[in-house]
A.B. asks: 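Got a structure here, written out as structure tokens. Questions coming.
All heavy atoms count here, side chains included; hydrogens, waters and symmetry mates do not.
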Amino acid sequence: MNWDKIDSKKAELVQRSIASKWFRFIGAIIDRVLGYGITFSIGFLGEIVSPGSMDILVQYPLLDNITTITILLLYYLIFEFYFQKTIGKFIFKMKVVNEYDASKPNFKTILKRTVSRIIGIEALFYLFGNHLWHDRWSDTAVISEKKFEEQNELDEIGDIGSMNIT
């Protein structure tokens, strides 16, 4: 973490704008279903282009698992890097931001966030909190865009009211 880039006001704004854990959970289910749909579609196209190619994945379940995980991780990496959100986050108007200054995460941060998703039991932690491993390890947060805008406007109004006129 680069401590000189921390903007405490923005960090507080991010914390007040954290997305609902239930929206995140449902969004994660949507993303997982879409990820598996993409995986299935790629496999289906592979079978059309090269009949019998799916037999390899049936024979080697480890290769099948690695392929599926790779496609899921690419889904998250591409969507979160380019759009700051996956399809599930689009639906619920959420986005990924840097936790300490509300800025768009860079590629390295999104890569760290994506790779940390490999831990399969993380999904259980949706039940206990809203700041998941892939958030903590990458210093990111998932915020509600609407809450963020509302809180930002309130802060701006508060700043106007506290201005010293000399």
Side-chain angles (χ1 to χ4, degrees), residues 1-39 65-66 68-166:
M1 159 53 38
N2 188 347
W3 294 102
D4 342 331
K5 294 193 176 189
I6 292 178
D7 180 337
S8 60
K9 209 169 181 181
K10 288 289 185 184
E12 182 189 333
L13 178 59
V14 167
Q15 292 308 308
R16 292 192 323 247
S17 305
I18 296 290
S20 153
K21 77 175 179 177
W22 295 110
F23 284 155
R24 287 193 70 183
F25 181 69
I26 295 167
I29 291 171
I30 291 168
D31 290 331
R32 190 57 60 102
V33 168
L34 285 170
Y36 286 130
I38 292 167
T39 303
N65 287 338
I66 291 170
T68 301
I69 289 169
T70 301
I71 292 169
L72 285 171
L73 292 178
L74 283 171
Y75 167 80
Y76 283 105
L77 182 67
I78 291 166
F79 272 91
E80 288 187 342
F81 177 69
Y82 286 106
F83 307 109
Q84 287 181 266
K85 52 182 92 177
T86 57
I87 301 297
K89 289 178 188 72
F90 267 111
I91 291 169
F92 291 107
K93 296 177 178 34
M94 302 179 292
K95 71 178 180 180
V96 177
V97 297
N98 285 314
E99 183 176 28
Y100 300 111
D101 65 3
S103 64
K104 180 180 179 179
N106 62 25
F107 183 79
K108 182 179 174 184
T109 300
I110 293 297
L111 181 62
K112 188 186 304 183
R113 178 179 169 80
T114 301
V115 170
S116 64
R117 291 179 191 271
I118 292 174
I119 301 168
I121 62 168
E122 184 186 34
L124 296 174
F125 288 88
Y126 276 104
L127 303 173
F128 304 111
N130 203 14
H131 203 64
L132 304 174
W133 288 342
H134 63 271
D135 298 327
R136 284 190 195 116
W137 292 349
S138 61
D139 295 322
T140 58
V142 176
I143 60 169
S144 161
E145 292 176 292
K146 183 178 178 186
K147 264 194 221 176
F148 185 83
E149 289 171 18
E150 289 169 355
Q151 293 296 319
N152 196 30
E153 285 177 22
L154 286 173
D155 286 355
E156 288 173 3
I157 291 169
D159 287 346
I160 291 171
S162 67
M163 293 173 86
N164 290 331
I165 300 176
T166 55

A.B. asks: Would you compute the distance between atom CD1 of Ile118 and atom NE2 of His134 and round it to the nearest 0.5 angstrom?
C.D. replies: 12.5 Å
A.B. asks: OG1/Thr140 to CD/Gln84 distance, rounded to the nearest 0.5 angstrom?
C.D. replies: 10.5 Å
A.B. asks: Looking at residues at least two apart in the chain, or sitting in another chain, which of them share a salt bridge (Lys or Arg N to Asp or Glu O under 4.0 Å) with Arg32?
C.D. replies: none
A.B. asks: Nearest 0.5 Å, what's the OG1-CG distance between Thr39 and Leu74?
C.D. replies: 9.5 Å
A.B. asks: Answer yes if the side chains of Asn65 and Thr68 hold a donor-acceptor pair under 3.5 Å, and no otherwise.
C.D. replies: no
A.B. asks: The criterion is side chain to side chain contact (heavy atoms under 4.5 Å, CB included); which residues satisfy it with Lys146, sequence neighbours excluded?
C.D. replies: Ser144, Glu150
A.B. asks: Grab the two heavy atoms, one from Thr109 and one from Ser138, that are nearest each other, plus how far apart they are.
C.D. replies: CG2-O, 3.3 Å
A.B. asks: Roughly how far apart are Arg24 CZ and Asp31 CG, rounded to 0.5 Å?
C.D. replies: 10.5 Å
A.B. asks: Could you give the distance from NZ (Lys112) to CG (Leu77), rounded to the nearest 0.5 Å?
C.D. replies: 14.0 Å
A.B. asks: Quick check: do Phe23 and Met94 have side-chain heavy atoms less than 4.5 Å from each other?
C.D. replies: yes
A.B. asks: Just verifying a value: how many Å separate Leu73 CG and Ile66 CD1, rounded to the nearest 0.5 Å?
C.D. replies: 11.5 Å
A.B. asks: Any side-chain heavy atom of Tyr100 sitting closer than 4.5 Å to one from Val14?
C.D. replies: no
A.B. asks: Kindly indicate whether the side chain of Asn152, heavy atoms from C-beta on, has any atom under 4.5 Å from the side chain of Leu13.
C.D. replies: yes
A.B. asks: What pairs with Gln15 under side chain to side chain contact (heavy atoms under 4.5 Å, CB included), at least two apart in sequence or on another chain?
C.D. replies: Ile18, Glu99
A.B. asks: Apply salt bridge (Lys or Arg N to Asp or Glu O under 4.0 Å) to Glu80 and list each qualifying residue two or more places apart in sequence or on a separate chain.
C.D. replies: Lys89, Arg113, Arg117
A.B. asks: Could you pull out all residues at least two apart from Arg136 that satisfy side chain to side chain donor-acceptor pair (under 3.5 Å)?
C.D. replies: none
A.B. asks: Which residues satisfy the side chain to side chain donor-acceptor pair (under 3.5 Å) test with Thr114, sequence neighbours excluded?
C.D. replies: none
A.B. asks: Which residues pass the ring-ring contact (aromatic ring centres under 6.0 Å, His included) test with Phe81, sequence neighbours left out?
C.D. replies: Phe107
A.B. asks: Got a sec, which residues hit side chain to side chain contact (heavy atoms under 4.5 Å, CB included) with Ile30, two or more places apart in sequence or on another chain?
C.D. replies: Ile26, Leu34, Ile91, Phe92
A.B. asks: Find out whether Thr86 and Phe90 are in side-chain contact, i.e. whether some heavy atom of one side chain is under 4.5 Å from a heavy atom of the other.
C.D. replies: no
A.B. asks: Using side chain to side chain contact (heavy atoms under 4.5 Å, CB included) as the criterion, list what pairs up with Tyr82, not counting sequence neighbours.
C.D. replies: Ile78
A.B. asks: Below 30° counts as parallel, above 60° as perpendicular, anything between as tilted: where do the rings of Phe79 and Tyr75 land?
C.D. replies: tilted
A.B. asks: Apply side chain to side chain donor-acceptor pair (under 3.5 Å) to Ser103 and list each qualifying residue two or more places apart in sequence or on a separate chain.
C.D. replies: Asn98, Asp101
A.B. asks: Tell me every residue that passes salt bridge (Lys or Arg N to Asp or Glu O under 4.0 Å) with Lys85, counting only those two or more places apart in sequence or in another chain.
C.D. replies: Glu145
A.B. asks: Using side chain to side chain donor-acceptor pair (under 3.5 Å) as the criterion, list what pairs up with Lys147, not counting sequence neighbours.
C.D. replies: none
A.B. asks: Closest approach of Ala28 and Tyr76, non-hydrogen atoms and distance?
C.D. replies: O-OH, 4.2 Å
